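Structure record follows, encoded as structure tokens.
The structure presented is a predicted model; accordingly, all values stated were derived computationally and were not measured.
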Amino acid sequence: MKALAVVCPPRISFSSSSSWRQQHLRFRSEPKSQLRSSRFRVSSCLIKEGESESEKQKYKGGVVDELLLNVFRNKMVEEVGWDSDKPGYDGLIEVANRMMLKNPTNSDTKEAAVRVLISLFPPFLLQLYKLLIAPTQGGKIAALMVARVTAISCQWLMGPCTVNSVDLPDGNSWTSGVFVEKCKYLEESKCVGICVNTCKLPTQSFFKDYMGVPLLMEPNFNDYSCQFKFGVLPPLPEDDVALKEPCLAICPNATRRRERNINVEQCPKA
């Protein structure tokens, strides 16, 4: 919380002419720098300007964000066949957890999440984008477009994010990256497996297979940031470090496994 400096007028008393003369003489005898400070009394008042750093990182959505959340959650519920009693984002996280539990393998979970993403778009739109826009200028136009749309439309899910420049394997640089300062989905789910199997892998597959745009997502499990790199192919699964991550320290399941001396060097859901 920042404190504003509020300029207040000096307190001048007119109780007697002698006191006024003393005040006048004191002003005339003081240096100019002191005179300026004497004329205006500056006090620190509890008037809020802005927010704390932690509050600034939290994305405050509006009506449109609430609508997008509800649409996405409804699609998740249709896929899972179950809904949480909790409202809003907390309920969405519980539905994502149920998706992990419902599917027997991580591959099944990934395919289910891809189906959810596909259901958010009119089929002809994805087909036209892949056919007409994705091949333009070697894929550059499509990568730049989806980066900007992602940064604008997905903050309700991930939190504050910005478009940035990424390096391509051929040595070129495109402003086709999206940097998520602190991913809300990862922070709230508290699970590497949910991040990898319901977000990272299905999102990479969706953009590549259905929109014709390669995508590499690089979540940072230390500070919960995430780097999207549109136009960059992801590594093979055996070379992807995100798939070898240990459980998060905040993961409640990992805490219980530690208490039972069970290995948590790699998230069992990842």
Sequence neighbours excluded, the answer for side-chain hydrogen bond (donor to acceptor under 3.5 Å, both in side chains) partners of N172 is D170

Could you check whether any side-chain N or O of T198 sits under 3.5 Å from a backbone N or O of C195, counting only pairs where one atom can act as donor and the other as acceptor? no

I want to check something: taking the side chain as every heavy atom from C-beta on, are V95 and V77 in contact at a cut-off of under 4.5 Å? yes

Sequence neighbours excluded, which residues qualify as side-chain hydrogen bond (donor to acceptor under 3.5 Å, both in side chains) partners of D240? K200

By the salt bridge (charged side-chain N to carboxylate O under 4.0 Å, His left out) test, which pairs, at least two apart or in different chains, include something from residues 67-92? R73-D83, E79-R115, K86-E94

Centroid separation under 6.0 Å, is that true for the rings of F206 and F121? yes

Less than 4.5 Å apart, any side-chain heavy atom of S225 and any of E181? no

Would you please name every residue forming a ring pair (Phe, Tyr, Trp, His ring centres under 6.0 Å) with F72, sequence neighbours left out? W156

What residues, two or more places apart in sequence or in another chain, satisfy ring pair (Phe, Tyr, Trp, His ring centres under 6.0 Å) together with Y89? none

Under a 4.5 Å cut-off applied to non-hydrogen side-chain atoms, are T109 and T105 in contact? no

Do L216 and M145 sit in the same hydrophobic cluster, where Ile, Leu, Val, Met, Phe, Trp and Tyr count as joined when their side-chain heavy atoms come under 4.5 Å apart? no

In terms of side-chain heavy atoms, does S176 have a donor or acceptor partner in R148 at a distance below 3.5 Å? no

Is the backbone of P219 close enough, under 3.5 Å, to the side chain of Q227 for a donor and an acceptor to pair up by distance? no

Please check if the side chain of T136 supplies one atom and the backbone of I141 the other of a donor-acceptor pair under 3.5 Å. no

Under a 3.5 Å distance rule, please check whether K184 uses its side chain to pair with a backbone N or O of G159 as donor and acceptor. no

Check: Y129 and V213 side chains under 4.5 Å, non-hydrogen atoms: yes

Spell out, as yes or no, whether a donor-acceptor pair under 3.5 Å connects the side chain of K229 to the backbone of S165. no

Side chain to side chain contact (heavy atoms under 4.5 Å, CB included) between L92 and L69, worked out: CA-CA 8 Å; L92 173 65; L69 169 60; 3.8 Å; yes

Is there a side-chain contact between V178 and N164 (heavy atoms, below 4.5 Å)? no

Just wondering, do F179 and E218 contact through their side chains at under 4.5 Å, heavy atoms? no

Listed by chain and number, what are the side-chain hydrogen bond (donor to acceptor under 3.5 Å, both in side chains) partners of K130, not counting sequence neighbours? none

Could you tell me which non-hydrogen atom of P246 sits nearest to which non-hydrogen atom of V192, and how far apart they are? O-CG2, 3.4 Å

